[in-house]
Participant: 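One structure follows; several queries about it will come next.
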Amino acid sequence: MHSNAHNTNQIMRQVVYALALGVGAAYYFFGWGIILQIALAMVTAIVVESVFLSLRKLPVKPAISDGSAILSATLLAISIPSIAPWWIVVLGVAFAIIFGKQLYGGLGNNPFNPAMLGYAFLLISYPLQMTTWAGEFLNLSQAIDVIFNLTSVDALSGATQLDEVKTQLALGKIVSELDVHSISQAWINVGFLLGGLYLIVRKIITWHIPVAFIAGMVFISSMLYFINDQIYLPIQSHLMLGATMLGAFFIATDPVSASTTPKGRLIYGFLIGVLVIVIRVFGGYPEGVAFAVLLMNITVPLIDYYTQPKVFGK
Amino acid sequence: MLRQSFSGGVVIPNPHPVETVEIISAPLPDKVVLPLQQRIGDEAIPCVKVGDKVLTGQVIAKTEDHFCVPIHASISGKVVSIDEQIIPHKSGLKSKCIIIESDGKDQWVKYKGCGTDFLHCDRATMIEYIRSSGIVGLGGAGFPAHAKLEGIQDCHTLIINGTECEPGIMCDDALMQHHPQEIIRGVEILLHICGAQRAIIAVEDDKQEALNSLLMYCHNDRISIEQIPTKYTSGAEKLLIKMLLGIEIPSGRFAIDVGVVCQNVATTKAIFDAVVDNKPLISRIVTVTGSGIESPNNYEVRLGASFEHIVSMSNPNTNQHAIRMGGMMMGVDVETIHLPICKITNCIFVNNIEVKFSTQECIRCGQCNQACPVDLLPQQLYWHAKSGNTDKAMDYNLADCIECRCCDYVCPSHIPLAEYFSFAKALHRKTTEDQYRTDIARERFEFREYRLDRNKRERAEMMAAKKKELKKKMANDKTQKDKIAAAMARIKKTKKASDDA
Ligand code: SF4
Ligand code: SF4
């Protein structure tokens, strides 16, 4: 029936815990970068939120302790390259908290997913830093060096699979000539998938959005693959590359900015899934989760209004 | 067999369970306070004076209104005052009450009903006995029972609600365990009155003893007993009907519109007493429970006795307490324990004062809409109710909210949603009423304008008509004049001619 968590902070905390598996996988393959990014993001979130709330003359403690700022920050930190310079995550989190949340009046009033707003802002403003990914495992001191600009990134970096595939396809290669698999990405996705299932079991989120999200992706990518398997990636590649599972279970399910009716959540999730593929395949950016989520955030009031459940006796 | 459950609702275990459900007879109170204002209808008018001696069961106040039931003395003794007292109502208001001091003898008035072979009585007599014995819905609604039974036509099924309306309350369970026979006979009486084919007694599936004792006495094949899931709000009439019969009563309609009559078990037992003996209803069973109580229990207690009378029997601890009458979900917090027990007092919660969770913002998690038994979207209602946009909230079916507080119970942000909804409903009622008034006023005004205008027009028309008539007359006059002139001329002519001649 209802969730095992009995207050909002518990819900937020459970979500952060559930991220651990995917983050663990990312750590396993790429080392300390992601951990440092998360730490930086959390500190930034707390500082920015406190400053902003005191400026608005509102009590700081309850808002910080609801955990929502920390969760948004963590999601953003996970989404950006683990070797991005420190100011990227700081800027992104600050943008997310201020423009994504506080300016709308704080938690519960924001129409857009704050983490994804921050992500989109970064991607548009700093495309280079946002698409340079770690290529190998970095130990703590290497990671510190890279993030705080002490070494040049190039030595350690690479592009993501989605990036790579997109570039190669643009150069006229066909899918069968490319390596469309990535062990590390697959494991990270599995990590987030398991964490997401945990959230469903604990009734922190409902199954509707993730299932519809994945269904939407499967639907559109199988159609494309069916049309031409030489220029479109197979379904399993789409599912196991990029931020698919993170998006399906953790980002699209952000309750505040998602649809809130059961039927509405199915529509919302499905269309995000479709948009993710459309953006990946036809758009200018290799990853589409952020833009897909933001686009669908706009439609939420409409979806909610037209998907009200049938009321008893009506 | 259950047809279908309803979506939503919450499973809430009894917060203060007891080993065996008993009914303890509370001793006679020294004093009773009987409010003249009942749940529904006008204030009753006393028919006794201060200083009068009264017997138990004697009518001490009544109204002209046939809809209302008379008020009986619940103990024998002397009327010591008739004045304003705090009554158990959420407003904490005072209202006029009759206060009787006990003489300790409990001498009863004489009463006589249909007797145990009640089937020879006709419906009207039975209903009159039910009215004169003062039976109202004991489940909490307090609706006069005779009013519900009068004028019933086309009732095919009678449903006897044996579900405890809220977690923690045990009085109906106790009644079913200890008075099954009276309940079953009461059902037979109701079948007779309603002319229904069959009756279903609904019992929650965690009340095995109650079920067993009813089964033991139920030898009538028109009466069946069914178990329903123990889930909060399954006792709500419309949801119960949906579960048992698969009929969904349209919003804004009532059970009787689909041929169903519902009664609570306690009311059914009271109806049995009323019809067989015409014995006035002067006591009821009340549950005393809560975190401030060592031994929660049920008491059969005289109406008008103070809450304190039975709370003191249940070993309250020495902490500061918050008192709540009715259930933990839909009950009402009251200020004091010195309030009289009424016909609708099914439960008294005595809780240790606890720090409440602080309210946070709605995160639109949707737990509330999963819990809502009538499938509303409380988060959307909340959004619009909070901003005072009641029209929009009405669009989201605010009017169908039964204020059951399931949504509050599951909300992780601890928002008192149902409070917002009840406020928004009141606000909406007021604005629509204001709107109605202004509409009426405007209509009146417009009508006045119209009338004035009409009068003016009519007058103008009248004037015009008159003028026309006058003119016509004048015109006529003119022809007349001409005629006269012609005649004169002729006369002149003839005169002249004769003169000339
Ligand atoms: S349960 Fe509370 S926080 Fe969740 S959507 Fe409903 S009102 Fe909002
Ligand atoms: S109080 Fe109203 S909105 Fe809340 S669960 Fe009950 S019926 Fe639904």
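Reminder, nothing fancy here: chain letters follow the sequence lines and each chain counts from 1. Values below: every heavy atom of this structure, side chains too, minus hydrogens, waters and symmetry copies.
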Participant: Evaluate the criterion side-chain contact (heavy atoms from CB on, under 4.5 Å) for residue pair Asp304(A) and Gln379(B); output intermediate values, then yes/no.
Facilitator: CA-CA 11 Å; Asp304(A) 279 355; Gln379(B) 67 278 51; over 6 Å; no

Participant: Using non-hydrogen atoms and a 4.5 Å limit, figure out which bit of Ser68(A) sits close to chain B: side chain, backbone, both or neither.
Facilitator: neither

Participant: What pair of heavy atoms forms the shortest contact from Thr260(A) to Gly366(B), and how long is it?
Facilitator: OG1-CA, 4.1 Å

Participant: With a 4.5 Å limit on heavy-atom distance, are the side chains of Gln370(B) and Lys203(A) in contact?
Facilitator: no

Participant: Considering only heavy atoms, which portion of Asn110(A) lies under 4.5 Å from any heavy atom of chain B: side chain, backbone, both, or neither?
Facilitator: neither

Participant: So, do Ile11(A) and Gln367(B) sit near enough that their side-chain heavy atoms are less than 4.5 Å apart?
Facilitator: yes

Participant: Report yes if the side chains of Val256(A) and Glu361(B) come closer than 4.5 Å at any heavy-atom pair, otherwise no.
Facilitator: no

Participant: Could you measure the distance from the OG atom of Ser413(B) to the CG atom of Asn9(A)? Nearest 0.5 Å is fine.
Facilitator: 8.5 Å

Participant: Testing the basics here: between Phe312(A) and Ser251(B), what is the closest heavy-atom pair and its distance to 0.1 Å?
Facilitator: O-CB, 4.3 Å

Participant: Under the side-chain contact (heavy atoms from CB on, under 4.5 Å) test against Gln308(A), which residue among Asp395(B), Leu377(B), Leu376(B), Asn369(B) passes?
Facilitator: Leu377(B)

Participant: Heavy-atom distance under 4.5 Å between the side chains of His414(B) and Asn7(A), does that happen here?
Facilitator: yes

Participant: Looking at OG1 of Thr8(A) and CD of Gln360(B), how far apart are the two atoms once the value is rounded to the nearest 0.5 Å?
Facilitator: 4.5 Å

